Asks: 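Below are the structure tokens for one structure; questions will follow.
Positions are given from 1 along the sequence. Just so it is clear, the values below take in all heavy atoms, side chains as well, and ignore hydrogens, waters and symmetry mates. Note that this is a predicted model, so its numbers are computed, not measured.
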Amino acid sequence: MWNPPAVGNMMERNDEESLKALGEAYKSAADSIGFKKLAPENLQDTLRQGGTFCFKGDKLTLEHYDAKVGDNCPIEEIIKVL
């Protein structure tokens, strides 16, 4: 289900207990609503990545688009603009 770089990034950020909890949450969702219903109807939606955006009032102070799963904005960059 996960690609190797994403797993590596998750392992760096989380301990074993939190990763087990995440796995159990996915399994519970799949068991409850079915694996096929976990994905969006439009498969193009699965290609969208996340991002991080910080604002001070109306002013954008940080704009980070995730290039791939696990490519989160470094927390140091977020703290700099707070």
Asks: For a quick test of reading the model, state the closest non-hydrogen atom pair linking Leu60 to Cys54 and the distance between them.
Replies: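 Smallest heavy-atom distance, with atoms named: CD1-O, 3.4 Å.
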Asks: Show every ring-ring contact (aromatic ring centres under 6.0 Å, His included) that has at least one partner inside residues 49-82, sequence neighbours left out.
Replies: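 Passing the test, one end in residues 49-82: Phe53-Tyr65.
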Asks: Using the side chain to side chain donor-acceptor pair (under 3.5 Å) criterion, which residues pair with Thr52? Sequence neighbours excluded.
Replies: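 Not a single residue meets the side chain to side chain donor-acceptor pair (under 3.5 Å) criterion with Thr52.
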Asks: How would you list all residue pairs meeting salt bridge (Lys or Arg N to Asp or Glu O under 4.0 Å) that involve residues 21-30, not counting sequence neighbours?
Replies: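 Listed by first then second residue: Lys27-Asp31.
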Asks: Tell me, please, which residues at least two apart from Ile79 pass side-chain contact (heavy atoms from CB on, under 4.5 Å).
Replies: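 Partners of Ile79 under the side-chain contact (heavy atoms from CB on, under 4.5 Å) test: Ile75.
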Asks: Can you give me the closest heavy-atom contact between Ile78 and Cys73, atom names plus distance?
Replies: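 Shortest heavy-atom separation between Ile78 and Cys73 comes out as CG1-SG, 3.9 Å.
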Asks: Under the salt bridge (Lys or Arg N to Asp or Glu O under 4.0 Å) rule, what pairs show up with a residue in residues 50-64, not counting sequence neighbours?
Replies: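 Qualifying pairs: none.
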Asks: Not counting sequence neighbours, list each pair that qualifies as a side chain to side chain donor-acceptor pair (under 3.5 Å) and has a residue in residues 71-82.
Replies: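 Residue pairs with at least one partner in residues 71-82: Glu77-Lys80.
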